[in-house]
Amino acid sequence: MKVYQTNEIKNIALLGSAGSGKTTLAESMLYEAGIIKRRGSVEAKNTVCDYFPVELEYGYSVFPTVFHVEWNNKKLNIIDCPGSDDFVGGAITSLNVTDQAVILINGQYGPEVGTQNNFRYTEKLNKPVIFLINQLDSDKCDFDNIISNMHDIYGNKCVQIQYPLETGPNFHSLIDVLLMKKYSWKPEGGVPTIEDIPAEEMDKAMELHKALVEAAAENDEELMEKFFEEETLTEDEMRMGIRKGLVTRSIFPVFCVCAGKDMGVRRLMEFLGNVVPFVSDMPKVHNARGEEVTPDSNGPESLYFFKTAMEPHIGEVCYFKVMSGSVKPGDDLSNADRGSKERITQIYACAGANRIPVDKINAGDIGCTVKLKDVKTGNTLNGKGTEQHFNFIKYPNSKYSRAIKAVNAADTEKMMAALLKMRQEDPTWVVEQSKELRQTIVHGQGEFHLRTLKWRMENNEKIPVTFEEPKIPYRETITKKAKAEYRHKKQSGGAGQFGEVHLIVEPYAEGMPDPVSYNFNGQEFKMNIKSKEEVDLPWGGKLVFINSVVGGAIDLRFMPAILKGVMDCMERGPLTGSYARDVRVVVYDGKMHPVDSNELSFTLAARHAFSDAFKQAGPKILEPIYDLEVYVPADYMGDVMSDLQGRRALIMGMDSEAGYQKLQAKIPLKELSNYSISLSSLTGGRASFTTKFSSYELVPNDIQNKLIAEHEAETKDED
C-alpha cells in the first residue's frame, strides 16, 4: 500500500441517528473503492463495520469503526460512528480525531434529535459538515419537506448540491447542480449513467446552481469579484470556494444517496476526494500545554491513542492518530502519561475487522497496532526528545447508573478487571467503587448502554452479574444549635479509660463570625477560642472545629482525638448513615483523668457527644439536585412536562432551539434513576437530555421520615 503524505489524507466521521444508514453507506463506499468484492448488510450480519458479537446480537453499531478507502490517489480515513445516543462517546471520539463530519439524515424522518445532537458536537469542535439525505427510496420520503426543515434549523448555510427527480421505490436518478448533470442508475446501482439535464428540469437546476455558485464565491474575495463580474465560476473555482466554506463552517453542502442500492455513493466519494479539506487545511490541534502542533511528517514523532478494541484471538488493538512526525515498525517510543517505554512492532491501515500491514504512517494519518505493553485509551506516545501530551477529548456526563455485583461473590475481582478493560473500549462507561454507598456503580449514557455492558460481561467474559438501583448519596446537616456531653468510663483492672467531652453544634455557613457566647435554657456559655480548624470535607461542605476549653480541663494533646471522634460521626451521619456537612463544633469543657485518659477515650466520648447533639439540632437530610436539559419535539412537550412534575422537578424555563424545544429544570437525583427509559418511552426515542450536578437541597419531611425509617430497619437487620 502506498505511503500517503499529509496533504493527501482526509479524515471523515460518519454521523447520524440510529437507522440513518451509516454502516450500509460504509459498505457501499468500501465496495466502490474495491476494498471488498461484495456488499454486506446489517440484516445479514456480515458488514465490515459491525463485527463485534454484541453488535451482531443487537443489530446496532456499538463502537466506532475505522476503515479507509483509496480514491484518486488520496486516502480517506473514515470512522463509522454509532447512531444511538447511548453510544455518543464513539461519535465524540471520532469527531475529535477527524476533520470532516458527514451527517446522514434518514429520508423517512428528516432531521431527528440525534441529528441535532451530532450537529451540536460539530459546533463545539468547529468541524466542517456535509449533510447526506439517505433512503430516498422510502415510501415516506418527502424530500422538499426535509430541505425546508433543514433551512429552518440550519439556515441558508445548507446549500443543495443535488436533488432527486423522484423519491420512493422508483428513485433511480438525481440532478447534480455542481456539475450540472443528470445521474441515473440501473436497479443494481453502482456506476451511473451521466447525461445532460432534461429541459424540463433546467430552470430549477439553474436556480440551485446560481445559489451554489454564490455560496461558494462568498468564501473568497477573488471569487466574489469574479462572480460579480461574470455571474459564474468554473468547477475548480467552485470547489475551492466550497472547500474554504467548509473549513469556516459557512457552507453545509447537501447530497443525496440511496446507500442500500449503491446509488449516489460514487459521486459522494468523488466530492470527498476532490473538495473536502485535507488534514493540512484544517486548524492546528493544541497539546495539553495549549501549544499548536503542526501535522508535519518531518517533525518530532508523536502518536495519540484514541480507541482500544478487545478482539478475540488478538487481544488489544490500539488505534492512533499521528499528531506529528511519522511512525514505522521498530520505533521505540515513550508513554507521556504512564512513563513506560513501548516498541511498535507492526503498524496497520484500518479496514474494520481487517488490518493491512504498512511500512510507514505519516502525520495526520490514522492507523492501528497490536501487542503494546502499557498503552491505554487517551495516552500519547512520543519519540526521543519529544514531550507532547494530548487530552483534548471531553465526554458528556453520565445519564444512567446502576449498582453492579457478580452473582458469584468469588467472581468480584474478575468482574472489576473486566469492567476496567471494557472502559478502555468506551470511556463513557464510568466505574465507581463507592465507599460511601458501599456499592460498585457503573455509569453510562442510557439503559441500552448499560444493558450492552451486561451482555458483554455475561457472554464474552462469562461472568453472570446483576444490576440494582444505586443508593442515593444523601447528606445530613443541622438547622439549629444544640449542646451535649458524654463521659466515657471503663475500668477492667490496671489502667482504665476515661474521657469526658462537652460540646455545642450549630449549622455552619461560609463567612459567619466566630462565636462569642451561647444561651441554652437561660444559661449563658461564654466562648474563649483557643484554636480553630476548618476542614474541607471530601464529599462537599465544611466542618469547623473550635477548641474553647479553658482552665486545662482537657489537655491540648487530646484535641486531635476529639476531632477524630467528630469526623467518625460526620462520615456516618446519625439519621441515615450518610455523610454530614456544614457543621460547626465547639468543644467548651470536659474532664480527664491523670492516669486513665487516653486518645481512644476522648475519641469515643466525642463520638457519642456529637451524635447526641446532632440529633437535637433539628437534623435534616439533603438530596443531590441536578440541572436537567431536555431536547424534545414540540408535539411531546406536554407529556414530558407532566412526567417531570410527577418527579418533583422544578421547571426553570423553555426555549426553541434548531427546530426543537429545550426544557430546563432542576430535579432530584432520585427521580433521574429511570428517566432515560421513561423519556424514550414518552417520545418514541425522539428526545434526549443532559444533566449536571447543581446543589444539595433539603428533602421534604415525608421523604425524610421514610428514609430514616428505612435506615433504622436496615441497621436493625445488620445487628
Next item on the list: With side-chain hydrogen bond (donor to acceptor under 3.5 Å, both in side chains) as the test, would you mind laying out the steps for Glu697 and Ser695 before giving the verdict?
Entry: CA-CA 6 Å; Glu697 304 292 341; Ser695 61; 2.9 Å; yes
Margin query: Would Ile92 and Tyr121 count as a side chain to side chain contact (heavy atoms under 4.5 Å, CB included) here? Give the steps.
Written below: CA-CA 7 Å; Ile92 291 174; Tyr121 300 139; 4.2 Å; yes
Item checked: Intermediate values then yes/no, salt bridge (charged side-chain N to carboxylate O under 4.0 Å, His left out), Glu436 and Lys471 -> CA-CA 10 Å; Glu436 174 186 4; Lys471 297 173 184 175; over 6 Å; no
Notebook entry, point to check: Can Asn96 and Phe306 be said to form a side chain to side chain contact (heavy atoms under 4.5 Å, CB included), step by step?
Noted result: CA-CA 9 Å; Asn96 273 276; Phe306 63 88; over 6 Å; no
Next item on the list: Please step through side chain to side chain contact (heavy atoms under 4.5 Å, CB included) for the pair Val102 and Leu15, ending with a clear verdict.
Entry: CA-CA 6 Å; Val102 174; Leu15 306 172; over 6 Å; no
Next item on the list: Start with the C-alpha gap between Tyr348 and Val370, add the side-chain angles, then the distance that decides, and say whether side chain to side chain contact (heavy atoms under 4.5 Å, CB included) holds.
Entry: CA-CA 9 Å; Tyr348 303 91; Val370 296; 4.2 Å; yes
Next item on the list: Apply salt bridge (charged side-chain N to carboxylate O under 4.0 Å, His left out) to Glu447 and Lys454, showing your working.
Entry: CA-CA 11 Å; Glu447 186 270 340; Lys454 187 174 188 288; over 6 Å; no
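Minimum interatomic distance between Glu55 and Val62 (heavy atoms only, all atoms of both residues): OE2-N, 2.9 Å.
Looking at Ser20 and Asn106, their side chains never bring a donor and an acceptor atom within 3.5 Å of each other. Side chains of Arg39 and Thr47: a donor-acceptor N/O pair is absent below 3.5 angstrom, by distance only. Side-chain atoms of Thr380 and His389 form no donor-acceptor pair, as typed in the model, at a separation below 3.5 Å. A donor atom on one side chain and an acceptor atom on the other are found under 3.5 Å apart for Ser688 and Asn117. A donor-acceptor contact under 3.5 angstrom links the side chains of Ser61 and Thr23, judged on distance only. Inspection of the Asn287 and Gln388 side chains reveals an N or O donor paired with an N or O acceptor under 3.5 Å. Looking only at atom types and distance, the side chain of Arg402 has a donor-acceptor partner in the side chain of Tyr400 under 3.5 Å away. With no hydrogens or angles considered, a side-chain donor-acceptor pair links Lys666 and Ser694 at under 3.5 Å. A donor-acceptor contact closer than 3.5 angstrom is absent between the side chains of Thr691 and Asn397. Checking Thr308 against Thr377 by side-chain atom types alone, a donor-acceptor pair falls below 3.5 Å. For the residue pair Glu476/Thr576, the side-chain donor-acceptor check at 3.5 Å is satisfied. Tyr631 and Glu629 are linked by a side-chain donor-acceptor pair at a separation below 3.5 angstrom, with hydrogens and angles left out of the test. Checking Asp426 against His449 by side-chain atom types alone, a donor-acceptor pair falls below 3.5 Å.
Salt bridge status for Glu316 with Lys373: absent, with no side-chain N to carboxylate O gap under 4.0 Å. At a threshold of 4.0 Å, the pair Glu425-Arg456 counts as salt-bridged, since one of the basic side-chain nitrogens sits closer than that to a carboxylate oxygen. Salt bridge present: Lys405 and Glu468 bring a charged side-chain N and a carboxylate O closer than 4.0 Å. Classification of Lys75 and Asp365 as a salt-bridged pair holds, one side-chain N sitting under 4.0 Å from a carboxylate O. A salt bridge between Glu27 and Lys22 is absent, with no side-chain N of the basic residue lying under 4.0 Å from a carboxylate O of the acidic one. Taking a cutoff of 4.0 Å between a charged side-chain nitrogen and a carboxylate oxygen, Arg607 and Asp568 qualify as a salt bridge. The residues Lys462 and Glu458 are annotated as not salt-bridged, no charged nitrogen and carboxylate oxygen being separated by less than 4.0 angstrom.
Using a distance-only test at 3.5 Å, with no hydrogens or angles considered, no donor-acceptor pair links the side chain of Thr93 to the main chain of Gly90. Using modelled atom types, one side-chain atom of Arg423 and one backbone atom of Trp429 make a donor-acceptor pair closer than 3.5 Å. Panel note: side chain Gln704, backbone Pro619; a donor-acceptor pair is recorded below 3.5 Å. The backbone N or O of Ile677 sits nowhere less than 3.5 Å from a side-chain atom of Asn674 that would complete a donor-acceptor pair. Listed for the Ser84 side chain is a donor-acceptor partner under 3.5 Å among the backbone atoms of Asp86. Put simply, the side chain of Asn11 never gets that close to the backbone of Thr98: no donor and acceptor are under 3.5 Å apart. Using a distance-only test at 3.5 Å, with no hydrogens or angles considered, no donor-acceptor pair links the side chain of Ser326 to the main chain of Asn362. Using a distance-only test at 3.5 Å, with no hydrogens or angles considered, no donor-acceptor pair links the side chain of Asp99 to the main chain of Lys127. In terms of modelled atom types and a separation under 3.5 Å, the side chain of Lys542 and the main chain of Asp582 share no donor-acceptor contact. With hydrogens and angles ignored, the 3.5 Å screen pairs a side-chain donor or acceptor of Asn335 with a backbone N or O of Arg338.
In this structure, NZ on Lys360 lies 10.0 Å from CG on Asp331, to the nearest 0.5 angstrom. Between atom NZ of residue Lys670 and atom CG of residue Leu672 there is a gap of 11.5 Å, rounded to the nearest 0.5 Å.
Classified by interplanar angle (parallel below 30°, tilted 30° to 60°, perpendicular above 60°), the ring pair Phe610/Phe614 is tilted.
With ring centers used as reference points, Phe87 lies 6.0 Å or more from Phe63.
Geometric assessment of Lys307 against the ring of Tyr319 yields a positive cation-pi assignment under the 6.0 Å and 45° thresholds. Both cation-pi conditions hold for Lys399 and Phe689: the charged atom is under 6.0 angstrom from the six-membered ring centre and inside a 45 degree cone around its axis.
When Ile441, Val442, Thr440 are each tested for a side chain to side chain contact (heavy atoms under 4.5 Å, CB included) with Pro470, only one passes: Ile441.
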